[in-house]
Amino acid sequence: MKKKTALVCGAGGFIGGHLVKRLKAEGFWVRGVDLKEHEFAKLPADEFRLLDLREPRNCRRALALGKGTFDEVCQLAADMGGMGFIHAAECEIMHNNVLINVNMTRAAAEAGVKRYFYSSSVCVYRDMKPGEPEMTEAEAIPANPDNEYGWEKLYSERVAMAHGRKYGMKVRIARFQNCYGAEGTWTGGREKAPAAMCRKIAEARDGGTIEVWGDGTAIRSYTHVDDMTEGIYRLARSDLEGAVNIGCPQYVSVKELVDTVCKVAGKTVKVKHVDGPVGVQSRNFSNARIESIGWKAKVFLEEGIRRTYPWIEAQARAASLPRSSGPRR
Ligand code: NAD
C-alpha cells in the first residue's frame, strides 16, 4: 500500500519537530520545511527543505511532489515567541506571518491538497477575568485580541477557511494554548513562560533570586507537547470544521508555575517581581470540541515539568561550559 504523505511547515521548530516524529511513527512519508534546521533534534523526516515560506514560489517548491500532491499539509511555520517577543516585534509578526499563511494556503489549495491543518492560538481571544466561565470557540467574535499576533492568527484562520470552501480542501484549525516541553526554545528572548522559568531556576543557586515579569497572578493553562501533538493528529483527520481549542484544563497562576518548577528542581528561590509584558490576566477555554473526538489532556503541569526541566537544565549547563564541551542535540 502506498504511504500517506505529509508536509510539515515549521518542522525546524518546537511543535513542528515533534509532529514530524509523530507522523513518522504513524507510517507517513514526511517532508519538513523551515527557514532553519531543527536546533535540538535530529528529525526522522524523509526529506527536509530549507525554504522561506513568505515567498509564493517557495511554497510551491515545498509542495512539489512529482505528479502527485501531499495527502496533508500541517502549517506550523510562524515568526513567533513568548510575550516579550510578541510585543517587541509586532510589525515583523504581522508582516511575516500573514505572508506565510496567504501564500501557503493558496499554494496548497491550488496544488489540490486534500487536508490542510493550520496552527492558530488562543491569543485570538479577548482578555478574561479570573473566575469567568469557559469561553467557546465562537466567542472569539466580536474580536478583541490582546496583541497583533492574535489578530494575524484570526485573519489567517479565515484565509484558510475561505480557501477550503472555494477549493474543496478540508481545513482543520487548532487554537493552541501555551505549549511546552523538551526540544523547544528555552533562551534567547523567544522562549515562553514555562521554558523561561525552567531556565531561570536551573541557572539560580538554591536559595537565590529569580526575576519574574508582573505580580505572579496571571492565570494560564500550559499544555505539554505530547498532548498537543496527539490533539493535532486527531483533529487533522477528524470531521471538525471551524476552529478548535486544544489545551490542558488545569489553570495555574505564574506563582504556581514557579512553585512547580522549584519542586521538580528541588530548589527554593526568592522571586523579584519586575515590570514586563505579562499579556492577558486570565484564561478559561472550553475543550468540548476537541474532547468530542476522544482527546483529553493526559500530562498535567507537574508531570510535564518533570519531562521538561531536566532537558532545559542540561541545555543551560552545556551553554555555561566552553563551546567544545558538547553538542546540544
Ligand atoms: P517555533 O518558533 O518553535 O516554530 C516555528 C517555526 O517556523 C520555526 O522553526 C521558524 O524557523 C519557522 N519559520 C518562521 N518563519 C518562517 C518562514 N518565513 N519560512 C519557513 N519557516 C519559517 O514555534 P512553535 O512553538 O513550534 O509554534 C508552532 C505554531 O504553533 C506556530 O504557528 C505558533 O504560532 C503556534 N502556536 C504555538 C504556541 C506555543 O505555545 N508554542 C501557542 C499557540 C500557537
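Since the model is a prediction, treat every value here as computed from it, not as a measurement. Counting convention: from 1, in listed order, for ligands and their atoms alike.
- Salt bridge R22/D226: absent, no basic N to carboxylate O contact under 4.0 Å.
- Here the rule is side chain to side chain donor-acceptor pair (under 3.5 Å) with R54, and of N96, N101, N103 only N96 fits it.
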CA sep, side-chain torsions, deciding dist, call: K153, E157, salt bridge (charged side-chain N to carboxylate O under 4.0 Å, His left out) = CA-CA 6 Å; K153 287 287 189 198; E157 286 184 6; over 6 Å; no
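- Panel note: side chain K170, backbone Y116; no donor-acceptor pair is recorded below 3.5 Å.
- Of the candidates L257, V264, I312, I312 is the only one forming a side chain to side chain contact (heavy atoms under 4.5 Å, CB included) with C198.
- Residues V280 and M128 fail the side-chain proximity criterion, which asks for heavy atoms closer than 4.5 Å.
- Other residues, nucleotides and ligands contribute over 12 non-hydrogen atoms within 6.0 Å of the NZ atom of K267.
- For R172 (side chain) and R115 (main-chain N/O), no donor-acceptor pair under 3.5 Å exists by modelled atom type.
- The closest protein non-hydrogen atom to atom 3 (O) of ligand 1 is F14 N, 2.8 Å.
- Of all protein heavy atoms, the one lying nearest to atom 7 (O) of ligand 1 is A78 N, 3.2 Å.
- Remark: ligand 1 atoms within the under-4.0 Å shell around heavy atoms of G12 are 9 (O).
- Atom 26 (O) of ligand 1 has as its closest protein heavy atom I15 N, 2.8 Å.
- Ring planes of H163 and Y167: parallel class, angle under 30° (limits at 30 and 60°).
- Here the protein heavy atom with the shortest distance to atom 9 (O) of ligand 1 is D34 OD2, 2.7 Å.
- Taking only nitrogen or oxygen atoms, main chain and side chain alike, V33 does not reach within less than 3.5 Å of ligand 1.
- The protein atom (non-hydrogen) at minimum distance from atom 29 (C) of ligand 1 is L76 O, 3.3 Å.
- Nearest non-hydrogen protein atom to atom 19 (N) of ligand 1 is L53 N, 2.9 Å.
- Below 4.0 Å from some heavy atom of A77 lie the following atoms of ligand 1, by number and element: 7 (O), 21 (N), 22 (C).
- Ligand 1 is approached by Y149 to a heavy-atom distance shorter than 4.0 Å.
- Only the side chain of K153 comes within 4.0 Å of ligand 1, counting heavy atoms alone; its backbone N, CA, C and O stay farther away.
- Annotation: H95, atom NE2; neighbour count of heavy atoms from other residues, nucleotides and ligands within 6.0 Å does not exceed 12.
- Of the charged side-chain nitrogens involved, at least one lies within less than 4.0 Å of a carboxylate oxygen, so that E183 and K21 count as a salt-bridged pair.
- At least one heavy atom of Q177 lies less than 4.0 angstrom from ligand 1.
- Residue L35 holds the heavy atom nearest to atom 16 (C) of ligand 1 of all those in N178, V225, L35.
- At under 3.5 Å, a nitrogen or oxygen of G13, whether backbone or side chain, sits near a nitrogen or oxygen of ligand 1.
- Taking only nitrogen or oxygen atoms, main chain and side chain alike, G10 does not reach within less than 3.5 Å of ligand 1.
- Looking only at protein heavy atoms, the nearest one to atom 40 (O) of ligand 1 is C179 N, 2.7 Å.
- For ligand 1, none of its N or O atoms has an N or O atom of F176 under 3.5 Å away.
- Remark: distances from the non-hydrogen atoms of L51 to ligand 1 include one below 4.0 Å.
- Here's the thing with M80: none of its N/O atoms is less than 3.5 angstrom from an N/O atom of ligand 1.
- Below 4.0 Å from some heavy atom of K36 lie the following atoms of ligand 1, by number and element: 9 (O), 11 (O).
- The heavy atom nearest to atom 42 (C) of ligand 1, considering only E191, H38, K192, is found in K192.
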So D259 and K255, salt bridge (charged side-chain N to carboxylate O under 4.0 Å, His left out) or not? Walk me through it.
-> CA-CA 6 Å; D259 290 346; K255 180 183 179 314; 2.8 Å; yes
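- For the pair D52 and ligand 1, the shortest N or O to N or O distance falls below 3.5 Å.
- At least one heavy atom of I100 sits less than 4.0 Å from an atom of ligand 1.
- Residue-ligand proximity: S120 is placed with a non-hydrogen atom under 4.0 Å from ligand 1.
- Looking at N97, its side chain never comes within 3.5 Å of a backbone N or O of A78 through a donor-acceptor pair.
- Salt bridge E72/R237: present, at least one basic N to carboxylate O contact under 4.0 Å.
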